[in-house]
**Student:** 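Here's a structure for you.
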Protein chains: 2
Amino acid sequence: MITIKDIAARLQVSPSTVGRALADDPRISAAMKQKVQEVAGEMGYVANRAARMMRGVSSNLVGLVVPDIRNSFYSTIAHALSKCLEQEGYQLTLSETDDDRMTELRQIRELSSANVAGIIIVPSAKPHAETIRLLGMTPHIQLLRKHAALSDQWFGIDDAQAIYLPTRHLIELGHRRIAYIGSLAELPTGAARLKGFRDALASAGGACAGIEELGAPGSREFAQDALRRVLTLPEPPTAVVTGSVLHTFGVLEELLDSGVSVPKQLSVAGFSDEPAFRWWGPGLTTVALPVSELATACGLWFVHRMKQKVAGNAPYSAISPPTLVVRGSTQPPGASA
Amino acid sequence: MITIKDIAARLQVSPSTVGRALADDPRISAAMKQKVQEVAGEMGYVANRAARMMRGVSSNLVGLVVPDIRNSFYSTIAHALSKCLEQEGYQLTLSETDDDRMTELRQIRELSSANVAGIIIVPSAKPHAETIRLLGMTPHIQLLRKHAALSDQWFGIDDAQAIYLPTRHLIELGHRRIAYIGSLAELPTGAARLKGFRDALASAGGACAGIEELGAPGSREFAQDALRRVLTLPEPPTAVVTGSVLHTFGVLEELLDSGVSVPKQLSVAGFSDEPAFRWWGPGLTTVALPVSELATACGLWFVHRMKQKVAGNAPYSAISPPTLVVRGSTQPPGASA
DNA sequence: ATGAAAGCGCTAACAC
DNA sequence: GTGTTAGCGCTTTCAT
């Protein structure tokens, strides 16, 4: 392995001169820098990160902490961030939490000890106190979910709107009994989505009844069960809105299995716009979320923040708006479609 | 930050004793180890990786190098590996190549200089010579694709079989003109899949004509165009087999857009089993690939290999078998289904 | 404008 | 069984 010393020996100068030249120190003559650059390139010098880190410089590692990378939401984010950060010489590391606070803590511990440059995290519902403490010592940005005790830097979507839009759409179509199958309110996103649902109902001035089924956002089974429950109610809803990607998958599966006719018997609105949603039955009406753009914005901001020497702790929030994509799965109640 | 010295000072012993106790060195008394463990835990000691790495120990980073994490194939792999490696204290880093050899080279350079413990890679078609050289210096395992110049350790699926099965299935249904829309033969997987297609045709003893359309495995557009071309042939095929996940997506989209009736006008068999394939039209006949199992096996092997002090370079290949999942999209030609 | 030297936290060879 | 010491490659005073 070529070290700074080797270059120094070759150029008959001291290691510190080479170090400074490489660091573009203003005290070094342009001529010297030139020569050092040349020889370094020629000899194939690669800086030893470990040694740098020992001197307090943080690594080029950026930790991405998400519930489950198989969720297209998060793989989209990973892709966009990876692209963004790679250009600036950062390396993305992947940690999955399963939405479990203890797993989350372990991962954060791991990242702290690896001296990561920063962490981009989709926090769990109730991060452990130690998690909060550790994150407090590391530059971090929250994605999608926003926990009050963590960084004031956050990139998310307008979750309330993401549910308000489809619910409102159904109300306008004339539905008066609407079910919402979505995430627990203990998650900040869950709470906002639920609020979106309730606000939309309220906008109908009490004319419209809501049925709420809340469960873990990662559980497809919960959504299947919930739909079954809701459909066997004495007065079943005429429409259902889902509040997470996996809940949408669960509901779609269950509808196929149970042979409910959509939109004739039931209108359905989904969450997030997977390519396959176009195919489902008559096409699934859904809210499209600018996840990729959001992640890119987050990545750019992260890089920007890292570049300024001073601690860039200024609060910053970016809220991306969802858009409604209307397809065949929503119709006026009892329409003969 | 708590260091080994702090613990030593507190216990009135030398730093090396503490270091050895922490490393479970046989020369240290059990009593001492006990005390050190205790105090370390109490003081919240976290080993400084940078310092360790400076002493030549490789990092706990494992590089995962894939074309695109948004592909469910690769996110499934990332998930399984992450689970496996995390338990052993490894941290997974994510690098995307876009199937571009220069990007791949950059990523591998990055990983080498980060002193990763190992690399798990889905290599591009023709890795750069430098990529091969660098990988030669790092423990690595090939996943899915196998390049001859790289490690002899490889975990993949039986690609030939993955296309043979659906093609044979179509032949048995009575199809005599079958199109294959799949990956370029320059990729090892592409070549194997194409072979599977041809072998299946050959098994029909010349009774069956094949139409081949080969393109980049990551290009949905290619598949859409290819399907369009194939369907406007003077003698269009009565069935189509796809040879990559994204090609399948492309074909399915195009079929919806063009209003071709499946399986009446055309039978279709897909690649890999995405949840949404169940929903597509009459349900998509497809080959299920044990990707998650494969990745887990790879992860276990990696850990095993890292554990033995000696260079574990013994060649090892594991080939996982695909299985055919028959749904409504394949029927005898001209069936009134 | 450049050099010398100390030291980051840890490990390992060498004492005792 | 435990202590001493040197040194990994780099940055960073402090000299010159």
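Just so you know, these numbers use all the heavy atoms, side chains as well, and skip hydrogens, waters and symmetry mates. Letters go in sequence order (proteins before strands), and every chain restarts at 1.
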**Student:** OP1, OP2 of dG9(D) versus side-chain N and O of Thr3(A): anything below 4.0 Å?
**Tutor:**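 Thr3(A) to dG9(D) OP1/OP2: no side-chain N or O under 4.0 Å.
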
**Student:** I want to check one thing: is the phosphate of dT2(D), taken as OP1 and OP2, less than 4.0 Å away from some side-chain N or O of Thr17(B)?
**Tutor:**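 The answer is no; no side-chain N or O of Thr17(B) sits under 4.0 Å from OP1 or OP2.
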
**Student:** Distance check needed: dG3(C) P versus Asp25(A) CG, whole Å only.
**Tutor:**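 Going from Asp25(A) (CG) to dG3(C) (P), I get 13 Å.
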
**Student:** Please determine, by modelled atom types, if His79(A) and Glu96(B) share a side-chain donor-acceptor pair under 3.5 angstrom.
**Tutor:** yes

**Student:** Give the rounded distance in Å between these two atoms: CD1 of Ile4(A) and C1' of dA4(C).
**Tutor:**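 Going from Ile4(A) (CD1) to dA4(C) (C1'), I get 15 Å.
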
**Student:** Without decimals, in angstroms, what is the distance between Leu11(B) CG and dG1(D) P?
**Tutor:**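 Value for this atom pair: 18 Å.
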
**Student:** So does Arg49(A) pair up with Glu110(B), basic N to acidic O under 4.0 Å?
**Tutor:** yes

**Student:** Report the nucleotide, chosen from dG9(D), dG3(D), dC10(C), that has the shortest atom-to-atom distance to any side-chain atom of Asn48(A).
**Tutor:** dG9(D)

**Student:** Map Val18(A) and Met54(A) onto DNA chain C by nearest heavy atom, then report which one ends up closer to the 5' terminus.
**Tutor:** Val18(A)

**Student:** Polar atom pairs between nucleotides 13-16 of chain D and protein, under 3.5 Å, N or O only, would you list them?
**Tutor:**
{"unit_1": "dT13(D)", "atom_1": "O4", "unit_2": "Arg20(A)", "atom_2": "NH1", "d": "3.3"}

**Student:** Treating Trp154(A) as the side-chain partner and Leu144(A) as the backbone partner, does any N or O pair qualify as donor plus acceptor under 3.5 Å?
**Tutor:**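 Checked: pair present.
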
**Student:** Quick one: label Met53(B) by what it contacts on the DNA or RNA (base, sugar-phosphate, nothing), any heavy atom closer than 4.0 Å.
**Tutor:** nothing

**Student:** Which whole-number value in Å describes the distance from Arg49(A) CZ to dG9(C) P?
**Tutor:** 20 Å

**Student:** Does Pro15(B) or Arg55(A) map to a spot on DNA chain D nearer the 5' end, using the closest nucleotide for each?
**Tutor:** Pro15(B)

**Student:** Send over the distance from Leu22(B) CG to dT11(C) P, rounded to a whole Å.
**Tutor:** 8 Å

**Student:** Could you list the residues that satisfy side-chain hydrogen bond (donor to acceptor under 3.5 Å, both in side chains) with Thr131(B), not counting sequence neighbours?
**Tutor:**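 Testing Thr131(B) for side-chain hydrogen bond (donor to acceptor under 3.5 Å, both in side chains), a comparison that skips the adjacent residues, returns none.
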
**Student:** Determine: side-chain N/O of Arg52(A) to OP1/OP2 of dT11(D), distance under 4.0 Å, yes or no.
**Tutor:**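 True: Arg52(A) side-chain N/O within range (under 4.0 Å) of dT11(D) OP1/OP2.
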
**Student:** If we ignore hydrogens and angles and just use 3.5 Å, is the side chain of Arg20(A) paired with the main-chain N or O of Asp25(A) as donor and acceptor?
**Tutor:** no

**Student:** So that I can tick it off, tell me whether Arg133(B) and Glu130(B) are bridged by a salt bridge, with the cut-off set at under 4.0 angstrom between side-chain N and carboxylate O.
**Tutor:**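 The answer is yes: the pair qualifies as a salt bridge.
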
**Student:** What nucleotide, of dG3(C), dC8(D), dT2(D), holds the atom closest to the side chain of Val13(A)?
**Tutor:**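 Closest of the options to the side chain of Val13(A): dG3(C).
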
**Student:** For the pair Tyr90(B) and Phe302(B), name the ring-plane relationship: parallel under 30°, tilted 30 to 60°, perpendicular over 60°.
**Tutor:**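 Ring orientation of Tyr90(B) relative to Phe302(B): perpendicular.
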
**Student:** Can you measure Ile28(B) atom CD1 to dT11(C) atom C1' for me and round it to whole angstrom units?
**Tutor:**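 Atom-to-atom, Ile28(B) to dT11(C), this comes out as 13 Å.
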
